[in-house]
Amino acid sequence: MSIHVNEEQKLFHLQTAKTSYIFKILENGGAGQLYYGPRVPVKDAYTNLASREEHDCTNTLTVEQPDFQLELIKQEYAGLGKGDYRYPAYQITYHDGSRTSEFKYMGYRIIDGKERLADLPSSFDDQGDDAQTLDVVFKDEYENIALTLHYTIFDKEDVIVRSATFLNHGNDIMLDRALSLQLDLPDAKYDMVQFSGSWARERHLIRTPLRAGVQSISSLRDASSHQHNPFFMLARPHTDNNHGGAFGFNFIYSGNFLDSVEVDQFDTTRVLVGINPDEFGWKLSDGDSFQTPEAIMTYSADGFNQLSQQLADFYQDHLINPHFARQERPILINNWEATFMDFNEDKLMPIVDEAHKLGIEMFVLDDGWFGHRDDDKSSLGDWFVDEKKFATGIDGFAKKVHDKGMKFGLWFEPEMISIDSKLYEEHPDWMISTPGRQSTPARNQYVLDMSRKEVVDYLFDHISAIIKKTKLDYIKWDMNRNITEMFGAQLPADRQLEFAHRYILGVYQLYARLTAAFPKILFESCASGGGRFDLGMMYYAPQAWCSDDTDAVERIKIQDGTSYGYQQSMWGAHVSAVPNDQVGRLTSIATRAAVAYFGDFGYELDITKLPQAELDEIKDQVVFYKKYRQLFQFGKFYRLENADTANDNVYDWEVVNDDQSEAIVARFQILNGANPAYIRIYFAGLDPEKQYTVNDGDEKFSGAELMNAGYFVPRIMDRTKPEKDPSDFSSRLFVAKEA
Ligand code: GLA
């Protein structure tokens, strides 16, 4: 691991185990990007990489420097106004209304390790053995503003974390745009691979070749959103799961974001990642500073699986709360799809009893336990128990669950308020609204102004009281609508554009206080399923409800897409009832479980209504998952490339443990084909020298055989199955164990 600086050349070479990132200070005092990709040796100067040509019809730095044409130069953190017309990384409006900045290089410092950011979720290097940080400082002399570009290299995981800080020591300025990461690449022969969708069909993979102009994904919902995930990749056209080069980008933030890729007139590519500049502005007076959230980038020369695995390791060691990183997560049962809000203690206890008999480890009580909430029209904000549902209080019910030796979890939706609530009666002004405008409801509810300290204090006090009363083990923190009529009642007019970011800082503040006060509570974030599935949330809540769609077939696509940019312990995955509540599909309980094994496994159905045969199956599933939980939740995840996986009808996933002594492959087939061809599954990530058995069979296979010659998969059609176990939507599991 090393950051190499050639002071004379003002050249910076950041090396991780397998990558190099090189930039240098230019004649104008700004920084120019030279290279990012597979590791190259350190040398004194990269004259060839830095060489330029003179082009006609463009701007030059001075008359004497005709080859310094900003439009043609790859930059580190570009502004607008000096002849580079691509979209910039930042923009400042000065006190006189002017908007042209000239930041000039002042110096640098290298710090071993990586400190956490104060008010934002961030990467860290608590062990102090994997990271090194470079700060490069620039100054705008016109108004005495310092700009620091922060780079932290995480050696083993080949990840580089980027952010920027502005510190003003002059007249008031307005920061109109302050992105976190800019990367200018020398060509545009890439596919953009993004993960987009909607409620109940989040993070579907979309792959499109780059074209001239700006292509972007973004959010203006003040949430990372169901519609577009901040994670995306730029991949060479031939790149697949096992081969080829790809850059991956992600953002440690939960509000409005912009991921923009611009292909310019010379077919170069500019990547920008950061807070969406629309609906953003930040006023900096003398002495004020602004720290952008962190963005991350990584490069894999060996396909998407390698890229996902680099990120997975990075998240576990440098992002997830160390208390929960690589810690097995409990098998839970959640009552939402079993009862919705129609429950009381008498109805829930039989579910708890049955769950206990089946070996399930935690009961999660979802929406409807507080205020007088029998439907979604009331009570959000009233975080005290509905006594007509729980005669002995929520503490009495929690005790009954705990007495069975099970953990107890509760649902909250802290950021919300119902008009029909005590909270609204007392504090109508805590609700976000714009004076003189009608407030727009969504799911009959409204949003609290999380930028106000008294709101965060109220929520902290009320949630803490319930935590203490119930000796709570787990919180599902939901967020079921986005903000409208965005307005900060406490902010002056020239700070209104700060509101969206201030809201998110308030959410982080509440998370930070609760996780500090109650370090043992496992948080699962949720936003109508996967509407806030991002690294900002993951910093506080190590897992997130992946999607409200619990249909096994739909979930295959959602979890497959999610797996490119996230690690499988980061998503909750439950077995629910059939016909499925979202799509009405019938699938076998075996397939529902096989999909949900690849995540934080649980159940979400009324198990008291199941036939004994299915209860027996669940009991076996629980035993099976407990046995392989570490492997499912933390094993290296592979999306296998097999002969028939290219057509969206078949998905093969694999998890492999660290010492390559165990692996599980799942084959999911959506529709069954008639008279199908022979199929072999090619395992990945095994030790070629080790001997393995598959599903405890007699034959032994070398890892080399399973990976190269493959494993024959018998036909899935089974005429002996009952009708409701159709051959469509089938799953097979292959457990390889070192012999
Ligand atoms: C959201 C969540 C669900 C459930 C409901 C409760 O939709 O995603 O899992 O908690 O809210 O209202």
Side-chain angles (χ1 to χ4, degrees), residues 197-203 221 223-227 229 254 329 332-343 347-348 351 362-383 386 389 408-418 420-421 441-448 463 466 472 474-482 522-534 537 541 543-552 554-555 558-559 562 570-577 580-583 592 596 599-606:
S198 182
W199 171 76
R201 53 181 165 79
E202 297 89 339
R203 294 177 297 287
R221 295 167 183 271
S224 44
S225 88
H226 296 94
Q227 288 72 15
N229 193 268
S254 312
R329 311 288 162 73
L332 63 83
I333 183 152
N334 177 305
N335 73 307
W336 179 243
E337 286 196 30
T339 64
F340 297 102
M341 293 185 213
D342 179 18
F343 59 77
K347 195 164 169 185
L348 294 176
I351 301 181
M362 177 158 77
F363 180 81
V364 176
L365 179 55
D366 211 280
D367 191 359
W369 59 269
F370 50 90
H372 56 276
R373 189 158 162 97
D374 296 323
D375 56 36
D376 61 19
K377 293 194 178 57
S378 82
S379 304
L380 290 168
D382 292 350
W383 300 112
D386 180 351
K389 289 185 181 170
F408 181 60
L410 264 185
W411 181 96
F412 290 89
E413 197 178 357
E415 297 150 72
M416 298 295 151
I417 182 164
S418 307
D420 178 4
S421 68
R443 210 194 189 208
N444 300 304
Q445 66 195 52
Y446 302 86
V447 188
L448 287 169
I463 295 172
I466 298 279
L472 204 55
Y474 161 106
I475 286 179
K476 178 175 173 186
W477 177 324
D478 213 335
M479 195 277 293
N480 279 316
R481 66 156 291 175
N482 297 130
L522 173 62
F523 282 81
E524 176 158 342
S525 77
C526 176
S528 299
R532 208 161 58 176
F533 198 102
D534 61 65
M537 284 292 121
Q543 58 189 65
W545 183 223
C546 199
S547 173
D548 272 351
D549 197 333
T550 53
D551 170 63
E554 288 294 306
R555 264 301 181 110
I558 295 168
Q559 291 176 209
T562 308
M570 292 170 141
W571 64 78
H574 301 170
V575 173
S576 65
N580 175 267
D581 190 60
Q582 295 80 31
V583 296
R592 277 174 274 157
D600 300 317
F601 185 60
Y603 292 85
E604 189 159 338
L605 73 174
D606 189 347

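Position 1 is the first residue of the sequence, and the numbers go up from there. Indexing begins at 1, ligand by ligand and atom by atom, following the structure's order.
Classification of the Trp383-Phe370 ring pair by plane angle, with boundaries at 30° and 60°, yields tilted.
For the pair Arg555 and Trp545, the distance from NZ or CZ to the six-membered ring centre is under 6.0 Å and the angle to the ring normal is within 45 degrees.
The closest side-chain donor-acceptor pair between Asp420 and His372 falls under 3.5 angstrom. Side-chain atoms of Ser254 and Arg532 form no donor-acceptor pair, as typed in the model, at a separation below 3.5 Å.
Here Glu415 contributes atom CD and Leu448 contributes atom CG; the two are 8.5 Å apart, rounded to the nearest 0.5 Å.
If you look at Phe343 and Trp336, their ring centroids are not closer than 6.0 Å.
Residue-level contacts of ligand 1 at the 4.0 Å heavy-atom threshold are Trp336, Asp366, Asp367, Trp411, Arg443, Lys476, Asp478, Asn480, Cys526, Ser528, Gly529, Trp545, Asp548.
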